[in-house]
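Below you'll find the structure, written out as structure tokens, and then a few comments.
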Amino acid sequence: MKKNITLSRYLVEQQRVDGLIPAQLRLLIEVVARACKRISHSVNKGALGDVLGTAGSENVQGEVQKKLDIIANEVLIEANEWGGHLAAMASEEMDSIYLVPNRYPQGEYLLMFDPLDGSSNIDVNVSIGTIFSVLKKPEGHPGVTEDDFLQAGAQQVAAGYCVYGPQTTLVLTFGDGVAMFTLDREQGSFVLTQENVRIPEDTKEFAINMSNMRHWDAPVKRYVDECLAGVEGPRNKDFNMRWIASMVADVHRILTRGGVFMYPWDKREPNKPGKLRLMYEANPMSWLVEQAGGAATNGRERILDIQPTKLHERVSVVLGSKNEVERITRYHLEA
């Protein structure tokens, strides 16, 4: 891998080589990356920038919003609304879609994002991040409606996340593998640090919120019990457990060294298919994981094949090392 390849240069070279990245999509991703730099700056300031704590409001899911949730949402909207690449945006923090104002040119893309994933970790200085997904606006549709966003994850044309931790790292896919870029603060730009990211097919590490064990469905409990039994159990190997309570951080670990992440359906809210949002979290993360050689299902079917019926639809998520995801999915199907 060549050294000191900036994000801009990488995107231009990819555009030249295989034409996977049209000019408008390249410019859109560069704008998203600039917005992530601004968010990273606010996150790094912490208490010095008066950005910690709650904002005294709730989002559409009834979750208490943090100040940084709102700041990150506004940064992404302001950065993207005027460039002419987008027709509309949708955010986990907004009730309905955000149309690009008439005073700006309209583009052909739709942008969805979770502006700050893992916001319960903001005040305790643990890694958090921004997740985003790009779709093409359906052709022949005058204007934009919510229905235009209701496309299966397999229709994404770009997806990624930016994790704000000890380093700020941007992770991207355009459907041709996964690349990682680290923010060089002295240079002020994202620099390519890893290409062709691969997730090992086998792992000895799982991530799940164990405090919910009593609420789990039988297949999830069976899988975790087998992991906990270790070398004396049916798996014949010892497992480690990790849980950061920030999907970006957990998925970043899996992309870096393998593992399996589970946020399953449970009996506390039996009418909801899961906790994570399909459009803002599960689809982009599932595509990244698949592009790195992993797998992602809702316990029964491939997440990227699910046809959304509403903007803020929820879903169960099992993703990571391929063989473990297939095992957990098999346990669900057998049950």
Side-chain angles (χ1 to χ4, degrees), residues 1-44 71-91 98 100-101 104-117 129-137 156-164 167-197 248 252 280 283-285 287-288 291:
M1 191 176 73
K2 294 179 195 169
K3 288 194 172 181
N4 294 323
I5 304 277
T6 63
L7 173 65
S8 297
R9 179 176 166 186
Y10 174 86
L11 294 175
V12 168
E13 290 183 352
Q14 290 294 314
Q15 187 182 335
R16 283 184 193 142
V17 171
D18 52 26
L20 255 185
I21 310 174
Q24 293 299 306
L25 181 57
R26 171 176 66 82
L27 292 168
L28 168 57
I29 295 303
E30 288 194 45
V31 172
V32 171
R34 280 201 298 274
C36 288
K37 277 196 283 186
R38 282 184 59 194
I39 295 167
S40 174
H41 187 65
S42 294
V43 169
N44 288 149
I71 291 167
N73 194 66
E74 289 173 352
V75 165
L76 281 157
I77 289 171
E78 288 169 8
N80 284 284
E81 67 178 357
W82 55 270
H85 325 305
L86 287 177
M89 293 175 259
S91 166
Y98 179 91
V100 169
Y104 300 125
Q106 302 270 321
E108 59 181 329
Y109 293 104
L110 305 172
L111 176 66
M112 288 168 293
F113 47 83
D114 178 355
L116 212 60
D117 175 74
T130 298
I131 309 173
F132 58 91
S133 166
V134 184
L135 295 165
K136 276 201 85 169
K137 178 179 173 287
Q156 293 172 105
V157 294
Y161 65 80
C162 192
V163 58
Y164 313 117
Q167 306 96 40
T168 292
T169 305
L170 180 69
V171 182
L172 279 178
T173 187
F174 295 91
D176 188 27
V178 177
M180 291 187 180
F181 304 81
T182 302
L183 180 60
D184 182 334
R185 295 194 180 278
E186 293 170 4
Q187 193 176 323
S189 54
F190 283 102
V191 177
L192 181 66
T193 43
Q194 196 174 348
E195 273 187 294
N196 302 316
V197 175
V248 166
H252 192 67
Y280 311 107
N283 275 342
M285 291 307 208
W287 199 29
L288 283 163
Q291 284 294 313

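All of these numbers come straight from a predicted model, not from anything done at the bench.
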Gap between atom CG of D114 and atom CD1 of I131 - 0.5 Å precision:
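Here the interatomic distance stands at 5.0 Å.
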F113 CZ to M89 CE distance, which is reported to the nearest 0.5 Å
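Reported value, rounded in 0.5 Å steps: 6.0 Å.
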In chain order, what residues pass the side chain to side chain contact (heavy atoms under 4.5 Å, CB included) check against [X], with sequence neighbours excluded?
X    : result
N196 : none
A35  : V75, L76, A79
A159 : Q156, T173, P284, W287

Quick one: list whatever passes side chain to side chain donor-acceptor pair (under 3.5 Å) with [X], sequence neighbours left out.
X    : value
T169 : none
R38  : none
Q187 : S189
Y109 : none

Quick one: list whatever passes ring-ring contact (aromatic ring centres under 6.0 Å, His included) with F132, sequence neighbours left out.
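F132 satisfies ring-ring contact (aromatic ring centres under 6.0 Å, His included) with no other residue.
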With sequence neighbours left out, write down each residue that passes ring-ring contact (aromatic ring centres under 6.0 Å, His included) with F181, or none if nothing qualifies.
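ring-ring contact (aromatic ring centres under 6.0 Å, His included) check on F181 returns Y10.
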Flag for N73-S91: side-chain donor and acceptor within less than 3.5 Å:
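Yes, because at least one side-chain N or O of S91 sits under 3.5 Å from a partner of the opposite role on N73.
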Can you give me every donor-acceptor pair (side chain of residues 23-33, partner residue at least two apart or in another chain, under 3.5 Å) with its distance?
residue: Q24; atom: OE1; partner: H85; partner atom: ND1; Å: 3.0
residue: R26; atom: NE; partner: Q15; partner atom: OE1; Å: 2.6
residue: R26; atom: NH1; partner: E30; partner atom: OE2; Å: 3.2
residue: E30; atom: OE1; partner: S8; partner atom: OG; Å: 3.0

Quick one: salt bridge (charged side-chain N to carboxylate O under 4.0 Å, His left out) partners of E13, sequence neighbours excluded?
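E13 satisfies salt bridge (charged side-chain N to carboxylate O under 4.0 Å, His left out) with R9 once adjacent residues are dropped.
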Sequence-distant partners of K136, salt bridge (charged side-chain N to carboxylate O under 4.0 Å, His left out), two or more places apart:
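If we apply the salt bridge (charged side-chain N to carboxylate O under 4.0 Å, His left out) test to K136, skipping adjacent residues, the hits are E108.
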For the student: nearest non-hydrogen atoms of L116 and I39, plus distance
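Heavy atoms of L116 and I39 come nearest at CD1-CG2, 4.0 Å.
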When you measure from the side chain of D184 to the backbone N and O of V191, does any donor-acceptor pair fall under 3.5 Å?
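No, because the side chain of D184 does not come within donor-acceptor range (under 3.5 Å) of the backbone of V191.
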